[in-house]
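Here the structure comes first, spelled out in structure tokens, and everything after it is commentary.
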Amino acid sequence: MEAEFPFLFKLVMVGESQVGKTSLVLKISSNYFLEAYLMTIGLEVKLLAFSHAQQKTSKVQLWDTAGVERFRTVVQSFYRGCHGLIFVFDVTNRGSFESLHSWYNNAKEYLGEGKQKLLIGNKRDYGANERRVTFEEARAFAEERGMTYFEASARDDSREELL
């Protein structure tokens with residue numbers, strides 16, 4: 001008999017190509033890090049089960065979207081029915097941070113207000129000399145838009161912080 005899930009949450013992960021969206025999804029879902037780059041074509045969905053305070057198990061659909069320009073119009077259709085958005089950028093890539101304005105405005109246009117939003121600065125395991133976006137700058141961006149911000153690294157086992 002299939003287990004009942006009182007809640008099913010759809011979370012859509014967006015951001016530029018090569019910021020580590022797929023790596024974060026693999027770390028969350030399988031506690032695995034792949035050194036080689038895998039380009040997401042369109043979309044990949046992972047189903048995660050978790051227990052919460054009422055001792056019931058719920059599911060999260062984590063939608064890992066392609067970040068390359070040619071898939072942007074397809075990504076917009078994935079916003080439909082989502083409960084929240086996860087914006088991801090690479091702390092060592094200034095351009096990936098600057099593109100968040102576009103990702104945010106696009107999502108706002110298709111979703112309106114009221115959805116939960118999270119901003120993740122990925123690749124925090126790189127040294128301070130390689131960092132191009134400060135923690136304070138990213139946190140300010142997030143706070144101005146009503147998002148929660150934290151930093152993570154799929155490589156250095158940030159799994160507890162991501163759940």
Side-chain angles (χ1 to χ4, degrees), residues 9-29 31-40 42-46 48 50 60-79 82-163:
F9 300 100
K10 176 182 174 183
L11 303 177
V12 178
M13 187 176 282
V14 297
E16 291 297 303
S17 181
Q18 298 185 356
V19 297
K21 296 181 302 292
T22 299
S23 294
L24 287 169
V25 169
L26 284 172
K27 182 57 92 171
I28 293 167
S29 65
N31 197 23
Y32 180 73
F33 179 76
L34 181 65
E35 288 288 337
Y37 170 68
L38 292 175
M39 184 170 97
T40 302
L43 170 75
E44 289 187 32
V45 178
K46 290 283 187 188
L48 309 172
F50 68 96
V60 172
Q61 291 179 338
L62 192 51
W63 292 46
D64 174 17
T65 65
V68 293
E69 184 69 35
R70 68 179 181 232
F71 292 113
R72 295 261 169 103
T73 55
V74 174
V75 169
Q76 295 166 356
S77 67
F78 302 148
Y79 295 151
C82 81
H83 296 93
L85 289 170
I86 303 171
F87 297 87
V88 182
F89 75 98
D90 174 352
V91 299
T92 70
N93 180 333
R94 182 85 194 163
S96 72
F97 178 73
E98 291 172 355
S99 75
L100 289 172
H101 294 282
S102 174
W103 285 103
Y104 179 81
N105 290 334
N106 183 268
K108 192 166 114 177
E109 178 183 335
Y110 284 89
L111 289 176
E113 297 295 328
K115 300 293 181 184
Q116 294 297 313
K117 295 177 257 339
L118 175 68
L119 177 62
I120 299 176
N122 193 28
K123 303 184 185 181
R124 71 166 187 198
D125 57 300
Y126 282 77
N129 291 340
E130 295 179 58
R131 191 178 184 102
R132 299 295 176 259
V133 180
T134 67
F135 181 91
E136 294 76 19
E137 183 179 17
R139 186 178 59 200
F141 177 91
E143 286 177 357
E144 288 170 11
R145 290 156 183 83
M147 293 189 233
T148 301
Y149 176 65
F150 72 91
E151 295 186 351
S153 171
R155 178 178 289 148
D156 74 0
D157 202 19
S158 295
R159 182 171 189 194
E160 284 72 26
E161 295 178 48
L162 298 174
L163 292 176

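For the numbers below, each heavy atom of this structure counts, side chains included, while hydrogens, waters and symmetry mates do not.
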- Item | Test side-chain contact (heavy atoms from CB on, under 4.5 Å) applied to A142 - qualifying residues, sequence neighbours left out | L119, M147, Y149
- Do the non-hydrogen side-chain atoms of V91 and E151 ever get within less than 4.5 Å of each other? yes
- With sequence neighbours left out, what residues match R94 under side-chain contact (heavy atoms from CB on, under 4.5 Å)? F97, E98, R132, V133, E137
- Query: Taking C-beta and beyond as the side chain, do I120 and I86 meet within less than 4.5 Å on heavy atoms?
  - Reply: yes
- Item | Heavy-atom pair with the smallest gap, counting every atom of C82 and K115 | O-NZ, 3.0 Å
- Message: Please enumerate all residues that pass side-chain hydrogen bond (donor to acceptor under 3.5 Å, both in side chains) together with R139, with sequence neighbours excluded.
- Response: none
- So is R145 actually on top of Y104's ring, under 6.0 Å and inside 45° of the axis? yes
- Check side-chain contact (heavy atoms from CB on, under 4.5 Å) between D90 and all other residues, then give those that pass, not counting sequence neighbours. V19, T92, N93, S96, K123
- Please assess F150 against R124 for the test side-chain contact (heavy atoms from CB on, under 4.5 Å), listing each intermediate value before the final yes or no. CA-CA 10 Å; F150 72 91; R124 71 166 187 198; over 6 Å; no
- Query: With sequence neighbours left out, what residues match H83 under side-chain hydrogen bond (donor to acceptor under 3.5 Å, both in side chains)?
  - Reply: none
- Query: What closest approach, in Å, do G20 and N122 show between heavy atoms, and which atom pair accounts for it?
  - Reply: CA-ND2, 3.4 Å
- Query: In chain order, what residues pass the side-chain contact (heavy atoms from CB on, under 4.5 Å) check against T148, with sequence neighbours excluded?
  - Reply: L118
- Task: Mark yes or no for whether N105, through its side chain, and H101, through its backbone, hold a donor-acceptor pair below 3.5 Å.
- Result: yes
- Task: For residues E16 and S99, report the shortest heavy-atom separation together with the two atoms involved.
- Result: CG-OG, 2.9 Å
- Task: State the CE-CZ distance between M13 and F87, to the nearest 0.5 angstrom.
- Result: 11.5 Å
